[in-house]
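Worksheet: one structure, shown below.
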Amino acid sequence: MAMFGGAYNTIAFDAAQCDGCGDCMTACATVKTGTVDKTRSRIQIVDSADDGFELALCRQCGDPKCVTVCPAGALTKDGASGVIDWNAAKCVDCLLCTVGCAYAGIALDAGSGHVAKCDTCDGAPACVPACPHGALKYITTSRIYNEVGDWEDLFAPGLAGCQGCNTELLMRHTLRRVGPDTVLATPPGCVPGMGSVGFNGTTGTKVPVFHPLLTNTAAMLAGIKRQYKRVGREVNALAIAGDGGASDVGFQSLSGAAERNEQMLFMVVDNEGYMNTGMQRSSCTPYGAWTSTTPVGQGSGGMPSQGKTQDAKNLPLIMVNHRCEYVATASTAYMEDLYDKLDRALEASKRGFAYLHVYSPCTTGWRFPTNQNMEVARKAVETNFVMLWEYNPRDGLQFTRPVDDPLPVTDYLKAMGRFRHLSPDQISHIQSKVVENLAFVKQMAHRQSA
Amino acid sequence: MTTATLEKSPQAKPAKQKVMLVEGNEAAALGVALARPDMVAVYPITPQSSLVEHVAKLIADGRMDADIVDAEGEHSVLSVLQGGALAGARTYTATCGPGLAFMFEPYFRTSGMRLPIVMSIVTRDGITPQSVWGGHQDAMTVREVGWVQVYCETVQEVLDTTIMAFKIAEHHDVMLPVNVCLDGNYLSYGTSRVELPEQAEVDAFMGVKDVNWHVALDPLRPMAVDPLTGGSSGRGPSTFVRYRKGQCRGMQNSLRVIEDIHEEWAQRFGRRFAPLVEEYRLEGADYAIMTLGSMTGAAKDAIDEARDAGRRVGLIKIKTFSPFPVDALMKSLDKVQAVGVVDRSVGFRWNCGPMYQETMGVLYKLGRHVPSMSFIGGLAGADITVGHFHRVIEATEKLLSNPAPTEPVWLNEKD
Amino acid sequence: MEQTKYLVVGSSHAALEAVTAIRMHDATGSLTLLTRDPHLPYSPTVLPYVVSGRSAPDGIFLRDEKFFADQGVQLKRGTALKALHTERNAAELADGSEIAYEKILLATGASPAIPPIPGIDTVSYHVLRTLDDATRLNAAIKQSKQAVVLGAGLVGMHAAENLVKVGAGVTVVEMAKQLTDGYFDAIAAGLIEKAFTDNGARILTGSRVVKLAPSAASFGTPATPATPGVTLTLESGATLEADLLLVATGVKPNMDYLVGSPVEHDRGILVSDTMQSSVANVWSAGDCAQAKGFFTDDKVMNAILPDAAEQGRIAGMAMAGDSGLKKYPGGVPLNTYHFFGRHAISVGSSKVPEGAEVLTRFDEVSGRYLKAIFKNGCLLGIYGVNEFFDGGVMCQLILRRIDLSPVKERFLAEPMTVGREIMSKTWR
């Protein structure tokens with residue numbers, strides 16, 4: 001019995017996508033009972049009286065009550081897979097497990113006379129591919145949790161981020177992954193603002209860390225990395241920088257280091273403005289967005305001030321044109337994707353310049369509730385407002401999470417206050433830019449992979 | 001042209017030294033190579049000098065083992081070196097004029113982080129008016145930023161001082177960046193005979209390299225470099241003040257260290273340069289003129305001629321401008337009744353030369369009135385000739401009997 | 001004297017859950033588990049299946065030695081708690097030794113209650129509470145031709161079914177008017193009774209045994225030594241002859257060790273909402289504890305497995321100082337019963353309070369029976385025979401006091417489906 005388990009893979013249900021077709025149940029019944037009797041399926045989709053569909057399925061609980069109340073030791077949680085296994089030889093058909101479970105995850109299978117429950121088909125659940133609507137997904141991000149859990153958290157506890165900010169998560173995950181043999185550069189911005197470098201002689205991390213200037217992050221890291229290379233030491237050079245410094249005043253040193261193919265991993269946390277200094281506009285701020293330097297007001301001469309009047313600079317695409325060893329965009333709403341990219345970026349940084357651009361919604365500067373960060377990040381991707389792709393010189397540019405059926409961009413815009421003032425014309429401008437940007441990146445993907 | 005004081009020390013072993021004919025930039029490059037830096041970063045801003053080209057060639061030819069970084073601008077040049085130094089590298093670069101102005105942001109920070117980076121300034125006048133010629137305006141503009149700044153008089157002094165600069169910078173009592181200033185055009189492209197020290201001798205002089213014992217970005221001894229200080233919720237300004245005070249102490253320590261290292265150099269290599277302040281024919285002088293850098297050669301010729309003509313004039317040359325050698329200069333100034341100070345740049349605020357302005361502070365500390373005046377010459381590559389210095393001598397002599405002029409004398413105004 | 005931070009007495013569900021909860025919060029504090037039973041931990045609930053032979057006696061253990069070693073728990077088997085000296089935080093053991101504890105959990109369970117029937121001390125009989133009882137009974141039923149079971153609770157009925165299946169003639173004697181009284185209502189009990197009588201058992205409800213005596217008859221077989229039989233005399237004057245007598249008339253908490261201790265107890269050890277007794281550093285959980293009921297503020301005995309586990313968890317968290325501790329909501333009766341291939345499930349109160357509404361559905365042909373008790377739209381109890389529903393979901397509907405008025409008709413028609421729908425919407 002695994003008392004203190006790690007994280008496990010799980011089957012996730014998106015009720016909004018389900019039309020109740022029952023294909024998942026048929027698939028389960030076929031695999032598990034050799035019949036097409038949906039009542040014998042271990043996944044049960046329930047037709048709700050109101051509208052939509054509900055789910056009854058074993059959640060493979062971390063602290064499973066079915067196991068607790070089994071008098072026969074017939075149910076055990078597998079510490080490796082997380083699956084709660086049912087042992088037919090030990091089961092006495094007492095049904096106490098069905099009383100213990102609050103989720104209807106284990107129930108009597110009338111066809112066999114025994115209880116039955118989902119065993120995730122040994123990690124390849126038959127129900128998931130059977131769903132024609134993508135309502136079922138087999139989530140395998142547990143790998144990240146388990147692996148990351150084994151790595152040392154190299155940041156001090158209690159970084160002082162704004163409530164609801166995803167950047168602390170990003171920082172901790174990134175540094176855990178990159179590891180202790182690292183020199184970390186955190187140029188002025190939210191990251192050192194949270195305390196990465198510490199205050200008054202304290203430190204925020206367990207690795208060597210410093211504030212470069214806003215302007216010279218890539219150059220300083222280049223010098224550090226080169227010297228360690230010169231003396232034959234394997235040290236990772238990592239920057240966690242903001243979009244403002246990277247795209248504006250620090251762009252020269254960024255571009256120079258990329259052109260020289262300096263060996264480093266340069267991560268830009270793009271919150272689309274100078275959020276640490278008071279939410280001013282950067283060249284990564286999108287069109288129409290309110291910032292403290294592109295405010296909303298009546299204006300003069302009948303020309304109201306309606307937020308930023310230019311489109312954002314697409315910094316990651318500019319980095320692609322440096323032909324870096326690796327360039328990718330990522331989002332904390334897609335951690336598995338982010339981790340894959342982090343792995344590849346880290347690997348590439350041992351050969352040359354690796355650039356990782358992470359979209360990072362800012363609860364304070366974008367004006368949305370503090371519990372909505374992941375949702376805003378997800379909506380950005382689902383509307384194609386931002387696109388998740390990766391590039392290397394060998395394979396060209398490829399989408400990693402293509403969104404073929406995007407939501408209207410208004411679904412993203414209305415999730416936050418910085419776009420509240422937008423006029424219909426502005427919204428249609430943004431929507432047309434989304435289409436244009438998508439077409440542009442698609443062309444690039446097509447050309448480069450061709 | 002008269003050379004600087006050059007006495008063979010009786011104890012010095014006459015080391016076998018190769019004799020070459022080189023320009024000042026190449027002499028600097030040879031000095032850099034002998035000091036064995038790990039990393040050299042360069043950017044060819046306009047006006048570019050041939051110094052880094054010589055360094056690049058030495059590396060390309062395998063005569064120097066250093067990582068050369070062709071950065072995309074001076075700002076990054078110094079930033080790369082900061083990173084290198086924090087990782088334990090001995091580092092070097094050269095710049096001038098607009099390049100120095102562009103690197104000002106990291107330049108300021110280098111001394112604060114106590115990084116012993118050596119940088120030659122092939123001094124240029126400041127633009128605008130547009131000019132690509134020599135002058136001290138670039139180096140003078142950044143004199144208040146905490147770098148040690150020394151000015152060379154000859155090509156040989158450029159070579160020798162460049163090597164000494166690394167040792168001064170890396171001295172544990174100093175740990176500050178050093179500018180070796182050589183006059184654009186006059187020294188940088190002036191060709192002269194030099195004696196080249198043996199590498200083994202230089203290695204022995206330099207000792208063991210240890211540049212980041214005090215501050216490092218090294219996973220083997222992790223630390224936060226330069227965390228934010230001050231703030232109402234923190235410890236107040238005490239951390240900041242402690243560091244700033246230490247920086248000032250390092251500057252003052254460097255005066256002693258510069259003297260010691262010049263002495264050691266003389267012992268080992270047989271060439272003695274005045275470390276802080278040089279007196280030339282000051283004994284028995286009623287008044288003195290003051291110089292800085294390569295102009296001193298012509299000035300010494302003029303002094304010799306004036307002395308021969310019976311004028312009781314001597315010369316005081318400043319080598320170490322930052323930190324300003326207040327005590328050493330006081331001792332020299334105490335020997336005269338009047339002084340004329342020749343600057344190759346301007347101090348906009350006081351309407352005089354910057355060195356003159358500094359000298360007035362020292363004169364005040366003398367506690368007696370010493371009439372003085374400011375001469376500004378050699379701007380934008382203009383030549384300060386022996387003839388100009390005779391004008392300086394004559395004008396300074398008048399201070400003994402007449403009131404001092406309130407305006408500076410612009411030496412090349414009608415050239 | 002031996003010292004331990006946590007002393008857990010008992011080795012069944014309450015004790016094991018407490019160990020888990022303590023270790024969740026305190027991975028290293030010294031922990032000792034003391035049990036009078038010589039075996040590894042097992043559940044009394046599984047014992048009828050050991051009797052029937054369905055469960056192998058060595059296959060029922062809930063934890064192995066490795067578990068205790070891995071968790072840093074010292075396991076002391078075969079030693080009972082003899083006395084509790086709360087004034088000096090010490091437990092006196094049957095072997096005379098003492099263990100000093102910082103915190104102690106009394107999860108000592110219960111033992112069969114033996115009715116004071118005249119002559120009971122003159123006859124041989126079986127009980128079923130321990131693994132050793134079960135292996136003895138398992139051997140005995142194979143010999144039995146004519147057995148009597150006293151008590152028609154779940155233990156008695158399980159044993160009776162086992163005896164029927166080995167071909168013995170079985171008579172069940174029960175004082176109450178119906179079988180499984182307190183678990184199932186009369187209709188359900190009737191269905192159960194019919195299953196037994198259809199299989200040849202004799203059920204004597206409303207009957208009382210007034211005298212027991214050794215039987216003149218001997219039921220020995222050539223292969224085994226003669227076993228003395230028992231003659232039972234009923235209130236009616238009728239007599240029964242039995243070669244095997246099982247007394248299954250209920251249980252009483254094990255708390256003899258409290259004699260002379262200040263720990264307050266009534267029918268069981270009285271505990272608070274966090275399973276703490278009246279005395280500092282002493283907790284109790286499971287079949288020996290008397291805790292708040294969900295349907296009443298009075299402290300009740302709710303000697304069922306899921307509740308024992310819940311109480312054990314709460315006690316463990318409280319002992320370890322786990323800040324995630326939530327108070328005990330009160331015991332909800334939960335029972336399942338499997339008989340002759342059929343099943344009965346009961347969740348919640350069997351009492352029908354004033355103003356309550358009782359809805360039933362009964363199909364005599366299929367034997368499917370459903371009964372639900374509502375008050376103010378909220379479910380109080382639900383019972384089914386051959387009508388499967390998710391007991392755990394029903395329990396949540398009761399605990400959360402969810403208003404089912406809008407779906408009452410559908411709920412009665414399809415309790416499983418409607419329960420799942422509400423579950424998925426409400427606490428997914």
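Convention: sequence-line order gives letters A, B, ...; per-chain numbering from 1.
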Side chains of [X] and [Y] in contact at under 4.5 Å (non-hydrogen atoms):
X: Phe210(A); Y: Leu217(B); value: yes
X: Asn216(A); Y: Gln82(B); value: yes
X: His211(A); Y: Val225(B); value: no
X: Pro212(A); Y: Ser79(B); value: no
X: Thr182(A); Y: Pro219(B); value: no
X: Asp218(B); Y: Pro208(A); value: no
X: Glu259(A); Y: Glu72(B); value: no
X: Pro106(B); Y: Leu213(A); value: yes

Which region of [X], side chain (C-beta onward) or backbone (N, CA, C, O), has a non-hydrogen atom less than 4.5 Å from a non-hydrogen atom of chain A, or is it both or neither?
X: Met223(B); value: backbone
X: Met113(B); value: side chain
X: Arg221(B); value: neither
X: Leu220(B); value: both
X: Asp65(B); value: both

Give a yes or no on whether [X] atom [atom1] has more than 12 heavy-atom contacts from other residues, nucleotides or ligands under 6.0 Å away.
X: Lys57(B); atom1: NZ; answer: no
X: Phe251(A); atom1: CZ; answer: yes
X: Arg63(B); atom1: CZ; answer: no

- chain B neighbours within residues 226-240 of chain A, where any heavy atom lies under 4.5 Å away: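 Against chain B, the residues of residues 226-240 of chain A that fall inside the cut-off (heavy atoms, under 4.5 Å) are Arg226(A), Gln227(A), Tyr228(A), Arg230(A), Arg233(A), Val235(A).
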
- Message: At a heavy-atom distance under 4.5 Å, which candidate from Val69(B), Asp38(B), Val77(B) has the highest pair count against chain A?
- Response: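 The answer is Asp38(B).
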
- Message: I need the Glu262(A) CD to Ser76(B) OG distance, nearest 0.5 Å.
- Response: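 Rounded to the nearest 0.5 Å, the CD-OG separation comes out at 9.5 Å.
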
- First locate atom CG of Asp67(B), then atom NZ of Lys225(A), and finally report the distance between them rounded to the nearest 0.5 Å.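 NZ of Lys225(A) is found 12.5 Å from CG of Asp67(B).
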
- Query: Cut-off 3.5 Å, side chains only: do His75(B) and Thr215(A) have a donor facing an acceptor?
  - Reply: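 Result is yes, a qualifying pair exists.
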
- Which of the residues Ile224(A), Thr203(A), Leu221(A) is involved in the greatest number of heavy-atom pairs with chain B at under 4.5 angstrom?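 Heavy-atom pair counts peak at Ile224(A).
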
